[in-house]
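Worksheet for the structure shown next.
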There are 2 protein chains.
Amino acid sequence: MNLRRDVYQAIADPTRRAILVLVASQSMTAGAIASNFDTARPTVSKHLQILTECELLEQEQKGREVYYHLNPERIKEVADFIEPFRKMWDDRFNKLETIMKEYQSKK
Amino acid sequence: MNLRRDVYQAIADPTRRAILVLVASQSMTAGAIASNFDTARPTVSKHLQILTECELLEQEQKGREVYYHLNPERIKEVADFIEPFRKMWDDRFNKLETIMKEYQSKK
DNA sequence: AAGCCCTGTAAGAATTATCTTACAGGGCTT
DNA sequence: AAGCCCTGTAAGATAATTCTTACAGGGCTT
């Protein structure tokens with residue numbers, strides 16, 4: 001077996017990304033989250049389980065309802081991977097700006 | 001069929017992320033890239049194909065060798081998804097700082 | 001306590017992804 | 001042109017993931 005189940009695998013699924021966006025602004029119950037999608041409720045429940053396992057979401061039981069809210073901390077792992085690359089396209093952008101300035105000064 | 005094959009799916013695989021880091025600083029041939037991994041060469045070739053398909057890598061043929069180099073532009077898609085969440089953990093950090101200051105002023 | 005509602009989970013089929021072996025195209029070198 | 005080297009690809013076995021139907025636990029309400 002040896003499941004992957006890391007943050008990258010988690011955000012690879014479009015439904016799971018949509019869940020993260022949905023829960024970003026406010027806590028929501030499992031049912032409320034599921035009602036936003038066409039897929040069956042147990043399917044969404046499974047997605048919630050996956051997101052919770054890699055700590056992108058956190059659960060909070062309130063009576064018989066379970067609220068899910070975002071844990072932004074974990075997304076940082078992906079951000080840290082991307083950060084060095086960001087520098088690269090920033091550099092390219094800066095280079096483009098320089099070219100544009102030179103172009104305009106020749107007018 | 002209808003394969004996923006998007007940027008998120010691409011970076012979900014640890015080998016593919018390693019390839020991106022490897023190629024970030026310099027262009028490399030397919031063989032040179034493959035020699036960095038334990039998996040068979042065709043396996044790496046497949047990964048390169050996937051990365052090229054979603055435009056994270058670009059090919060440059062030189063004689064019988066193929067050089068791969070990074071296209072930072074595409075990673076921006078992931079960065080844009082993450083950016084809004086970044087604000088959330090920044091806010092949390094700021095809140096923590098505020099608490100610390102209050103704590104110190106009471107000493 | 002009985003019944004309803006919210007939620008999670010097990011099982012299994014269908015889909016998708018991964019990796020290896022074997023082979024093919026095509027540029028170099030001699 | 002013959003042979004070697006670099007690379008890509010097809011086929012098929014294996015593994016992992018996804019999704020649905022059916023069911024179970026446990027908190028509310030009456």
Side-chain angles (χ1 to χ4, degrees), chain A residues 1-23 26-71 78, chain B residues 1-23 26-71 78:
Chain A
M1 277 287 236
N2 199 6
L3 300 191
R4 187 105 36 91
R5 255 341 116 73
D6 61 2
V7 181
Y8 297 97
Q9 189 69 19
I11 66 166
D13 186 272
T15 301
R16 287 199 284 266
R17 287 200 300 279
I19 291 175
L20 291 178
V21 172
L22 203 59
V23 178
Q26 60 190 347
S27 267
M28 291 177 73
T29 67
I33 295 170
S35 69
N36 281 276
F37 301 95
D38 290 336
T39 51
R41 191 185 52 71
T43 301
V44 176
S45 178
K46 191 74 183 172
H47 284 311
L48 290 174
Q49 186 189 335
I50 291 171
L51 289 169
T52 305
E53 267 179 19
C54 53
E55 299 176 320
L56 280 166
L57 292 185
E58 285 171 357
Q59 297 177 318
E60 192 178 353
Q61 186 102 29
K62 280 191 180 176
R64 61 181 166 182
E65 293 178 329
V66 178
Y67 283 82
Y68 287 88
H69 64 92
L70 190 72
N71 174 23
V78 180
Chain B
M1 279 286 238
N2 199 6
L3 300 191
R4 188 101 41 86
R5 248 351 111 72
D6 61 3
V7 181
Y8 298 96
Q9 189 69 19
I11 66 166
D13 186 272
T15 302
R16 288 200 283 266
R17 287 200 301 278
I19 291 175
L20 290 178
V21 172
L22 204 59
V23 178
Q26 61 190 346
S27 267
M28 292 177 72
T29 67
I33 294 169
S35 69
N36 281 276
F37 300 96
D38 291 334
T39 51
R41 191 186 51 72
T43 302
V44 176
S45 178
K46 193 72 184 173
H47 283 313
L48 290 173
Q49 187 190 334
I50 291 171
L51 288 169
T52 305
E53 266 178 19
C54 54
E55 299 176 320
L56 280 167
L57 292 185
E58 284 170 358
Q59 297 177 318
E60 191 177 354
Q61 185 102 28
K62 281 190 178 175
R64 62 182 164 182
E65 293 178 329
V66 177
Y67 283 82
Y68 287 87
H69 65 91
L70 190 73
N71 175 22
V78 180

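Keep in mind the model is a prediction, meaning the values are calculated, not measured. So you know, we letter chains A, B, ... as the sequences are listed, proteins then strands, and number each from 1.
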If you compare every side-chain N and O of A:Thr39 against the phosphate oxygens of D:dC19 (OP1, OP2), does one of them come in below 4.0 Å?
no
Check this one for me: any side-chain N or O of B:Thr43 less than 4.0 Å away from OP1 or OP2 of C:dT20?
yes
Over how many whole Å does the gap from B:Ile33 atom CD1 to D:dC6 atom C1' extend?
13 Å
Taking DNA chain D as the partner, which of residues 46-55 of chain B come within under 4.0 angstrom of it by heavy atom?
B:Gln49
Rounded to whole Å, OH of A:Tyr67 lies from C1' of C:dT7 at a distance of 13 Å
Rounding to 0.5 Å, atoms CG (A:Asp6) and CD1 (A:Ile11) come to a distance of 9.5 Å
Output a table of donor-acceptor pairs, distance under 3.5 Å, between side-chain atoms of residues 46-57 of chain B and any protein atom two or more places apart or on a different chain; print 'none' if there are none.
from	atom 1	to	atom 2	distance (Å)
B:His47	ND1	B:Arg16	NH1	3.0
B:Gln49	NE2	B:Glu53	OE2	3.4
B:Thr52	OG1	B:Leu48	O	2.6
B:Glu53	OE1	B:Arg5	NH1	3.4
B:Glu55	OE1	B:Arg74	NE	2.9
B:Glu55	OE1	B:Arg74	NH2	2.9

Report yes if at least one side-chain N or O of A:Ser45 is closer than 4.0 Å to OP1 or OP2 of C:dG8; otherwise report no.
yes
Gap between atoms CD and C1', on B:Gln59 and D:dG8 respectively (whole Å):
10 Å
Would you say the side chain of A:Tyr68 lies within less than 4.5 Å of the side chain of A:Glu58, judging by non-hydrogen atoms?
no
For A:Arg17 and A:Ala12, the nearest pair of non-hydrogen atoms, with its separation, is NH1-O, 3.3 Å
Sequence neighbours left out, what pairs pass side chain to side chain donor-acceptor pair (under 3.5 Å) with at least one residue falling in residues 30-45 of chain A?
none
Using whole Å, what does the distance between atom P of nucleotide C:dT16 and atom CG of B:Asp6 come to?
14 Å
Rounded to whole Å, please give me the gap between CG in B:Asp38 and C1' in C:dT20.
15 Å
When you get a sec, tell me which of D:dT7, D:dT17, C:dT7 is the closest nucleotide to the side chain of A:Ala30?
C:dT7
So, using side-chain hydrogen bond (donor to acceptor under 3.5 Å, both in side chains) as the criterion, who are the partners of A:Tyr8 when residues are at least two apart?
none
With sequence neighbours left out, the residues meeting side-chain hydrogen bond (donor to acceptor under 3.5 Å, both in side chains) with B:Glu60 are none
Nearest to side-chain heavy atoms of B:Thr29, which nucleotide of C:dA17, D:dT20, D:dT7:
D:dT7
At 4.0 Å (heavy atoms only), tell me whether B:Tyr68 reaches a base, stays on the sugar-phosphate, or touches nothing.
sugar-phosphate
If the sugar-phosphate is the primed atoms plus P, OP1 and OP2 and the base is the rest, what is the B/S/- string for nucleotides 22-30 of chain D, using protein heavy atoms under 4.0 Å?
B----BS--
Could you write out each protein N or O paired with an N or O of nucleotides 12-14 of chain D at a distance under 3.5 Å?
none

Separation of C:dC6 P from A:Glu60 CD (nearest whole Å):
19 Å
Side chain to side chain contact (heavy atoms under 4.5 Å, CB included) involving B:Ala32 - partner list, sequence neighbours excluded:
B:Met28, B:Thr29
Once Watson-Crick and G-U wobble pairs under 3.5 Å are found, how is DNA chain C written in dot-bracket notation, 5' to 3', with | for any base paired to another strand?
||||||||||||||||||||||||||||||
Taking atom C1' of D:dT17 as reference, at what distance in whole Å does atom CD of A:Gln9 sit?
8 Å
Got a second to check how far B:Leu70's CG is from B:Gln26's CD, nearest 0.5 Å?
12.0 Å
